[in-house]
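Read through the structure below, which is laid out as structure tokens, and then see the notes.
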Protein chains: 2
Amino acid sequence: MSHTLGIRQAQKQKTRQALMDAALVLLEEQSLSSLGLREVTRAVGVAPTAFYRHFRSTADLGVALVEEALGSLHPMIRTTVTADGTSEERIARAVELIAGHVTAYPAPVRFIARERHGGVQPVREAIRDQLARFAEEVKTELAKDAEAEGWSDDDLLMLSHLYVDQMLVTASLFLEALESSPQERERVALLAARQMRLISIGRRHWLD
Amino acid sequence: MSHTLGIRQAQKQKTRQALMDAALVLLEEQSLSSLGLREVTRAVGVAPTAFYRHFRSTADLGVALVEEALGSLHPMIRTTVTADGTSEERIARAVELIAGHVTAYPAPVRFIARERHGGVQPVREAIRDQLARFAEEVKTELAKDAEAEGWSDDDLLMLSHLYVDQMLVTASLFLEALESSPQERERVALLAARQMRLISIGRRHWLD
DNA sequence: AATTCCAGAGAACAGTTGTTAACTGGATGA
DNA sequence: TCATCCAGTTAACAACTGTTCTCTGGAATT
């Protein structure tokens, strides 16, 4: 189904990606609402007007960045929640997964954390939609579990949102600890694991 | 202990407060990192240079806004956590309190949610410090409770952070639902209450 | 081979920004 | 009463912003 792009389309996509990459770097030290279009094109080395060939505005760029940052994460989420083993093993694996992802891709993670409540409405909405999709997917996975017996749909969705929010809290903790000592990062990992453990315990006794 | 301010100092404080109020309004639709000093002074009706008599920069203004938004909240947090009654009553009261606060002071709440992970380092740090203070205070209150018997200090602090984070999640949910229908806001309240309930259950069975 | 297309360049636009310096005039303190 | 102080003003600065229009050269299409 994949169609080989012409030289032209390929070059265009390359420039587009360069703009997005440059933006992500610039956004490590500022918010999207203060990111200038000229700033981005200057970093890439193209004329300011070239920007308009790819994005209507920086807000538009931001929405594209949201897709890039979260779009590819859905399969990862699914397998993480599904993963078998004891509750304790699953927690450890989830925390490791988050830590690894934050270490490997700090810029996109920072961008999402920053713009989730940021000053650009379309971007906030794009993030909210993606996170809602995550919650829905987590919910369908949770529903398969034996522990979900007797749970109402609303309760399952409530728990899913709690998990998704907790993942973001953990990710931003790791983000803050990125430049810290390994001991500090280990402390964060233990804290995150304990919080997840408490939520798991709450889940186990929910129907009591 | 209170000393009556001279005409001069009083006028200065008045202008300073006007700058902060105007900034808060402007920040409803953008992030601090894009807030211009001229923008603020224009909204107040003073010369741009007057800004420097009160703040070194907009980042400095932001730090002052953090103090204003969170500084006065400490007593409120204390009494909320301490409040007696059944677990269910305490949850209902906490959710109501948050909903009321968000409705009464949406701008400062939005500011904190936005800048907690925003693009201005000193402001992020100021918020982090205030939230850490909240967690410490919640911890000391929790420690007084009979349920805290056998809990380690680390576990108590872990739970406190979970509570504080959950309060922020709830506040930002109410913020999003501010312009929505009463039914929608009630839905948010029920969701928040259920999430707190799950955490409470986890807390109750933590030592099993 | 001739024509159309279009990503990117270039120049110019009116507005905006933070920061400096020197000032004014009313409150303050001797 | 008189000298000092200082919150706020005025003017000017170079640097920057988003957006428009026109142009170009190589890819794509016929």
Side-chain angles (χ1 to χ4, degrees), chain A residues 2-27 29-65 115 118-123, chain B residues 2-27 29-65 115 118-123:
Chain A
S2 84
H3 180 254
T4 311
L5 266 51
I7 296 177
R8 203 154 174 166
Q9 297 267 332
Q11 190 49 251
K12 182 172 183 181
Q13 280 219 353
K14 204 171 158 187
T15 307
R16 183 188 153 98
Q17 191 60 48
L19 288 170
M20 290 173 67
D21 291 347
L24 221 41
V25 171
L26 292 167
L27 285 170
E29 290 178 351
Q30 62 183 315
S31 316
L32 184 64
S33 79
S34 68
L35 182 70
L37 127 196
R38 293 183 101 106
E39 210 178 337
V40 179
T41 56
R42 194 185 314 127
V44 172
V46 297
T49 47
F51 186 90
Y52 292 106
R53 299 288 179 194
H54 304 275
F55 307 101
R56 256 186 248 279
S57 62
T58 50
D60 199 22
L61 206 203
V63 172
L65 284 176
E115 300 303 329
V120 184
Q121 207 206 27
V123 173
Chain B
S2 85
H3 180 257
T4 311
L5 267 50
I7 297 177
R8 206 158 171 164
Q9 297 267 332
Q11 189 50 248
K12 183 174 182 179
Q13 280 219 352
K14 203 172 158 186
T15 307
R16 182 187 154 99
Q17 192 60 49
L19 288 170
M20 290 174 65
D21 291 347
L24 223 41
V25 171
L26 292 166
L27 285 170
E29 289 178 353
Q30 63 183 314
S31 316
L32 183 64
S33 79
S34 67
L35 182 70
L37 128 195
R38 293 184 100 107
E39 211 178 336
V40 179
T41 56
R42 194 186 313 128
V44 172
V46 297
T49 48
F51 186 90
Y52 293 106
R53 299 288 178 197
H54 303 276
F55 308 100
R56 255 186 247 282
S57 61
T58 49
D60 200 22
L61 206 203
V63 172
L65 285 176
E115 301 303 330
V120 184
Q121 208 207 26
V123 172

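Lettering of chains follows the sequences in order, A, B, ..., and the numbering in each one begins at 1. The model shown is predicted, which means the values in this text are computed figures rather than measured ones.
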Check your understanding: Run the side-chain contact (heavy atoms from CB on, under 4.5 Å) check on A:Q13 and A:Q17 step by step: do they pass?
Key -> CA-CA 6 Å; A:Q13 280 219 353; A:Q17 191 60 48; over 6 Å; no
Practice item. Calculate the interatomic distance between B:R42 atom CZ and C:dT16 atom P; express it in whole Å. Key: 7 Å
Practice item. Please work out if B:S57 contacts a base, only the sugar-phosphate, or nothing of the nucleic acid, heavy-atom cut-off 4.0 Å. Key: nothing
Check your understanding: Rounded to whole angstroms, how far apart are OH on B:Y52 and P on C:dA21?
Key -> 12 Å
**Study point:** Derivation and outcome, side-chain contact (heavy atoms from CB on, under 4.5 Å), residues A:H54 and A:K12
**Key:** CA-CA 8 Å; A:H54 304 275; A:K12 182 172 183 181; 3.4 Å; yes
Point to revise | Gap between atoms NZ and C1', on A:K12 and C:dC5 respectively (whole Å) | key: 12 Å
Review point. Could you give the CZ-to-P distance, from A:F55 to C:dG8, as a whole number of Å?
Key: 11 Å
**Study point:** Trace of the side-chain contact (heavy atoms from CB on, under 4.5 Å) decision for B:R38 with B:F51
**Key:** CA-CA 8 Å; B:R38 293 184 100 107; B:F51 186 90; over 6 Å; no
Practice item. Check every nucleotide of DNA chain D for an atom under 4.0 Å from a heavy-atom of chain A, then give the first and the last such nucleotide from 5' to 3'. Key: D:dT17 to D:dA28
Check your understanding: Out of C:dT28, C:dA21, C:dG18, which has the shortest distance to the side chain of B:R8?
Key -> C:dT28
Check your understanding: With no hydrogens and no angle check, is any side-chain donor or acceptor of A:S31 less than 3.5 Å from a backbone partner on B:G119?
Key -> yes
Practice item. Rounded to the nearest angstrom, tell me the gap between atom CZ in B:R56 and atom P in C:dT19. Key: 12 Å
Check your understanding: Between C:dA27, C:dA21, C:dG8, which nucleotide has the shortest distance from any of its atoms to the side chain of B:T49?
Key -> C:dA21
Exercise for review: Send over the distance from B:D60 CG to C:dG18 C1', rounded to a whole Å.
Suggested key: 15 Å
Exercise for review: To the nearest Å, give me how far apart CD (B:E39) and C1' (C:dG15) are.
Suggested key: 13 Å
Exercise for review: Hey, could you give me the CG/CD distance between B:L65 and B:E115, rounded to the nearest 0.5 Å?
Suggested key: 9.5 Å
Point to revise | Options C:dA12, C:dA27, C:dG8, nucleotide nearest the side-chain atoms of A:R38 | key: C:dA12
Exercise for review: Identify the heavy atoms of A:E39 and A:L26 that sit nearest to each other, and give their distance.
Suggested key: O-CD1, 3.8 Å
Point to revise | Distance, rounded to the nearest Å, where B:R53 contributes CZ and C:dT24 contributes C1' | key: 12 Å
Check your understanding: Considering all heavy atoms of both residues, which atom of A:G36 and which atom of A:T58 are nearest to each other, and what is their separation?
Key -> C-CG2, 4.2 Å
